[in-house]
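Everything below concerns the one structure shown next.
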Amino acid sequence: MNTKHIALISAELNIAARQAENTMNLLAEGSTVPFISRYRKEVTGSLDEVQIGRIEDLQKRYKEVDERRAYIIKTITEQNKMTPELLDKLESSWVLTELEDLYLPYKQKRKTRATVAIEKGLEPLAKLIFEQLENAPQSVAEQYLNEQVASTEEALKGARDIMAEWINENAELRDKMRKLFTHTSKLTSKVIEGKEAEGDKYKDYFDFSEELNAIPSHRVMAILRGEAEGFLYGTINPEEEDATEIMHKQFITGHNASSEQVTKAIADAYKRLLRPSLENEFRAVAKERADAEAIEVFTENLRQLLLAAPLGPKAVIAVDPGYRTGCKVVALDDQGNMLDNDVIYPLEKNYKRDDAEALLRKWAQKYNTEAIAVGNGTAGRETEEFVKKIDFGKKINVFMVNESGASVYSASEVAREEFPEFDVTVRGAISIGRRLIDPLAELVKIDPKAIGVGQYQHDVNQSNLKQSLDRVVVSCVNNVGVNLNTASKHLLAYVSGLGPSLAENIVKYRKENGAFSNRSQLKKVTRLGEKAFEQCAGFLRIENGDNPLDNSAVHPERYNLIESMASKQGSTIQDLMAKEDLRKKINPKDYVSEEVGLLTLEDILKELDKPSRDPRDEIAIFEYAEGIRTMEDLKVGMTLPGVVTNITNFGAFVDVGVKQDGLVHISHLSNKFITNPNEAVKLNQKVTVTVLEVDASRKRISLSMKDNEVAANSGGGGGARRENKGNKPSSKPAAPAPLNDFQAKLNELRKKFN
């Protein structure tokens with residue numbers, strides 16, 4: 001284990017060196033982030049998944065720095081140009097840009113103006129002028145005229161080219177200039193001439209400038225997208241006078257004709273070499289920072305979506321709404337298996353509405369349906385209204401389900417494999433129903449980018465995005481736990497220590513041998529060895545199995561410990577899990593050992609108290625306001641119920657049932673000042689909003705949650721827990737809002753998001 005890496009990581013994350021080292025050792029042994037976080041708390045000092053993930057990332061970064069440093073040292077040494085001072089600088093640097101600055105003078109170059117001048121024999125002249133002791137460089141330049149250098153001016157120009165390259169490659173100067181760029185540079189954008197009309201959505205950036213260290217990430221992404229689409233031209237630069245002053249202080253040492261030549265070389269070095277180089281570097285840094293923020297928004301939204309409240313194992317009828325082509329309907333059992341499918345036409349005038357109603361009534365009785373899921377796409381509100389008016393003879397709740405990505409799933413290889421005999425329309429309806437039963441189990445089958453809960457997801461670094469999204473999915477799946485006997489191979493693949501191959505082997509074992517009755521049987525699965533068993537067992541659940549602990553998050557490695565606890569109480573494990581008075585008699589300190597500490601013991605006792613508890617919220621019924629279906633129905637000042645559909649770093653989008661989400665700018669999310677929309681709202685949260693502005697022609701709705709926070713946040717957690725009993729929208733005018741400031745920001749944000 002690299003001790004320097006340990007020191008750097010512990011310092012950067014502000015954790016003890018022992019925590020960093022132990023975590024790095026566990027990762028090296030093949031342990032996963034969820035396993036380490038949950039079952040090795042004593043070893044890591046209770047580091048959470050985010051911290052462990054950061055250790056993993058930093059370890060990878062420092063390994064890359066080591067590899068690059070080794071290559072640079074090898075290359076310079078082979079050139080016989082290594083010095084003790086340079087070696088010390090290289091070995092003490094842990095920043096790639098610093099290493100590259102030190103390596104720059106020795107880096108193999110393509111042909112440059114400076115290399116051409118050196119080939120012409122002008123390097124001695126450049127050195128002489130650079131010393132700034134010679135007062136007549138023109139006269140000296142005459143000595144360097146030859147077949148390749150025809151005039152003194154050509155000789156001086158070549159010397160300036162050489163000096164410009166020296167200046168550009170000076171590590172000390174680059175460090176100073178990098179600090180100048182960091183603290184004072186501005187991101188400026190201009191419209192490309194002739195593109196004004198075509199690029200109107202970027203109008204706010206036609207003549208734009210903002211401090212780079214203060215500009216929000218979404219503006220950076222908008223400008224970069226505008227550049228990529230050919231409408232904008234952006235630059236990142238500090239004031240040229242400030243840059244020139246720094247360079248003059250470092251390189252101008254005299255006041256003579258040679259100094260004048262160096263001054264010209266400085267100007268050339270900055271404009272032709274140094275500024276473009278640093279601008280590209282800082283453009284990449286700004287993009288990387290903006291990517292990181294956009295990815296963070298996306299991953300947090302995805303986490304909230306994956307952990308959305310499930311209906312649970314109940315029989316469901318799912319409806320994928322449609323007008324002319326009808327509504328695709330499927331009946332699912334409590335595990336999401338399809339029982340029946342058909343097409344109904346309830347929305348076309350005088351056309352099979354009674355038949356549609358009869359079919360749904362028949363299915364509800366035949367399949368003992370407990371809930372109906374209606375997709376929230378085209379015709380969703382009308383279909384929901386139709387279903388709610390049906391008298392089923394029993395209580396059947398109707399839920400609107402976000403169908404984003406359902407079409408992607410229905411056309412995917414996963415869907416074709418699951419339902420080869422059905423077309424995409426049937427598969428889409430099945431996906432809608434399964435999302436209601438268990439959103440997590442269904443959404444893991446879909447590329448997260450297709451779910452539509454991020455911003456600029458197609459513009460960010462795709463490798464970083466995939467890694468972050470995969471981590472979130474893994475975290476959510478293992479946080480909730482997976483039913484070993486009912487989970488699909490797609491869900492099992494995200495369980496700690498498994499992956500696609502072992503997940504498929506588990507499903508194959510189930511088919512050949514029947515349901516698992518205990519966790520130990522996992523060891524009989526092909527290629528599932530001791531390490532994989534250690535990593536996955538605690539996250540897999542077996543209902544009504546041989547051992548009640550198999551339906552809990554208690555790891556099998558602690559079963560003997562719990563048996564000892566039960567024995568000392570004179571009870572069985574079943575009694576210990578069922579009776580609180582027995583558990584209260586247990587003093588965890590009595591069971592502390594070298595292997596098991598108080599942290600693990602407290603987790604075990606919590607799990608015995610509520611085994612297999614689902615950490616997700618309970619599902620709540622939500623209803624849109626009656627009579628509000630289109631943007632034309634909205635009036636300024638109306639107060640409406642809505643659902644948060646997307647969160648960005650500039651605000652949240654809310655569905656109020658008019659087929660177009662409205663924007664609640666961050667300044668209108670709360671009565672108090674907030675810097676992150678997640679401080680006020682969560683994805684899928686039920687909120688109350690006030691209409692600020694409606695622009696039907698451009699399909700834009702401005703909303704506010706100010707003065708609605710009590711209603712919006714009642715129930716806590718993922719959202720409101722109240723049930724809207726068909727509330728009519730309030731037409732009472734909202735309190736005056738600072739519309740001028742809000743409107744200016746809104747106009748800017750709308751263009752970028754759209």
Side-chain angles (χ1 to χ4, degrees), residues 75-86 89 100-181 237-281:
T75 302
I76 297 176
T77 301
E78 288 175 350
Q79 295 176 15
N80 295 319
K81 295 180 179 179
M82 183 61 73
T83 65
E85 181 184 10
L86 177 58
K89 288 180 179 179
E100 297 299 338
D101 283 351
L102 292 168
Y103 178 46
L104 191 57
Y106 310 95
K107 196 172 185 178
Q108 189 67 36
K109 300 179 181 68
R110 59 179 177 78
K111 206 165 193 178
T112 66
R113 282 163 50 172
T115 59
V116 171
I118 290 172
E119 290 172 1
K120 292 179 179 180
L122 296 174
E123 188 171 18
L125 175 62
K127 289 180 178 178
L128 184 66
I129 295 173
F130 207 51
E131 291 174 354
Q132 299 173 55
L133 298 176
E134 175 58 56
N135 198 32
Q138 290 86 351
S139 300
V140 177
E142 293 178 0
Q143 302 173 22
Y144 292 88
L145 302 183
N146 53 44
E147 294 180 357
Q148 295 178 295
V149 183
S151 65
T152 56
E153 182 50 41
E154 186 177 341
L156 290 173
K157 183 179 181 302
R160 291 196 298 270
D161 289 340
I162 296 170
M163 289 188 290
E165 192 164 279
W166 290 342
I167 292 167
N168 176 58
E169 294 177 350
N170 184 278
E172 181 183 349
L173 174 65
R174 293 183 76 88
D175 181 61
K176 292 176 182 176
M177 296 300 289
R178 193 170 283 114
K179 290 176 181 175
L180 179 68
F181 268 72
N237 287 305
E239 291 293 334
E240 187 170 334
E241 290 182 4
D242 296 337
T244 302
E245 182 179 355
I246 290 172
M247 298 173 76
H248 282 189
K249 283 184 178 179
Q250 181 164 340
F251 294 107
I252 301 299
T253 59
H255 300 281
N256 53 35
S258 289
S259 301
E260 292 176 3
Q261 293 295 320
V262 175
T263 298
K264 291 181 180 181
I266 286 173
D268 178 48
Y270 181 67
K271 292 180 180 179
R272 182 169 59 87
L273 301 172
L274 189 55
R275 185 177 69 186
S277 171
L278 290 178
E279 182 174 1
N280 287 338
E281 179 182 316

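By convention here, the first residue in the shown sequence is residue 1. Computed over heavy atoms, backbone and side chain alike; hydrogens, waters and symmetry mates excluded.
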Closest approach of V262 to F251 (non-hydrogen atoms, all atoms of both residues):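 For V262 and F251, the tightest heavy-atom pair comes out as CG1-O, 4.1 Å.
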
Non-hydrogen atoms of D101 and R174 that approach each other most closely: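 Closest pair (atom of D101, atom of R174, distance): OD1-NE, 2.9 Å.
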
Spatial distance of atom [atom1] ([X]) from atom [atom2] ([Y]) [nearest 0.5 Å]:
| X | Y | atom1 | atom2 | value |
| --- | --- | --- | --- | --- |
| Y270 | L278 | OH | CG | 8.0 Å |
| I246 | L180 | CD1 | CG | 4.5 Å |
| E165 | I162 | CD | CD1 | 8.5 Å |
| I129 | Q261 | CD1 | CD | 5.5 Å |
| D268 | I167 | CG | CD1 | 8.5 Å |
| L156 | E142 | CG | CD | 9.5 Å |

Taking [X] first and then [Y], would you say they form a salt bridge - that is, a charged N and a carboxylate O separated by under 4.0 Å?
| X | Y | result |
| --- | --- | --- |
| E172 | K176 | yes |
| E153 | R160 | yes |
| R275 | E240 | yes |

Any donor-acceptor pair under 3.5 Å from [X] side chain to [Y] backbone:
| X | Y | value |
| --- | --- | --- |
| R113 | G158 | no |
| S258 | E134 | yes |
| S277 | L273 | no |

Results of salt bridge (charged side-chain N to carboxylate O under 4.0 Å, His left out) for K179 - residues two or more places apart only: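 Salt bridge (charged side-chain N to carboxylate O under 4.0 Å, His left out) list for K179, sorted by chain: D175.
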
Check against side chain to side chain contact (heavy atoms under 4.5 Å, CB included), L128 and Q143: CA-CA 12 Å; L128 184 66; Q143 302 173 22; over 6 Å; no

Do any side-chain atoms of residues 114-125 form donor-acceptor pairs under 3.5 angstrom with protein atoms, and if so which ones, sequence neighbours left out?
| from | atom 1 | to | atom 2 | distance (Å) |
| --- | --- | --- | --- | --- |
| T115 | OG1 | T112 | N | 2.7 |
| T115 | OG1 | T112 | O | 2.8 |
| T115 | OG1 | T112 | OG1 | 3.4 |

Does atom [atom1] of [X] have more than 12 heavy-atom neighbours from other groups under 6.0 Å away?
| X | atom1 | answer |
| --- | --- | --- |
| Q138 | CD | yes |
| E78 | CD | yes |
| Q79 | CD | yes |

Summary of ring pair (Phe, Tyr, Trp, His ring centres under 6.0 Å) pairs that have at least one residue in residues 131-158, sequence neighbours excluded: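 Those involving residues 131-158 do not exist here.
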
Flag for Q132-S259: side-chain donor and acceptor within less than 3.5 Å: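 The answer is yes; a qualifying pair exists.
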
Pair M82-Y106, side chain to side chain contact (heavy atoms under 4.5 Å, CB included): steps then yes or no: CA-CA 10 Å; M82 183 61 73; Y106 310 95; over 6 Å; no

Heavy-atom check, side chain of F181 versus side chain of N237, under 4.5 Å: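 Contact flag for F181/N237 side chains = yes.
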
Validation row: E100, K107 side chains within 4.5 angstrom (heavy atoms):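 Yes. Closest side-chain heavy atoms under 4.5 Å.
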
Intermediate values then yes/no, salt bridge (charged side-chain N to carboxylate O under 4.0 Å, His left out), E260 and K264: CA-CA 6 Å; E260 292 176 3; K264 291 181 180 181; over 6 Å; no

Full working for side chain to side chain contact (heavy atoms under 4.5 Å, CB included) between V149 and N146: CA-CA 5 Å; V149 183; N146 53 44; 3.6 Å; yes

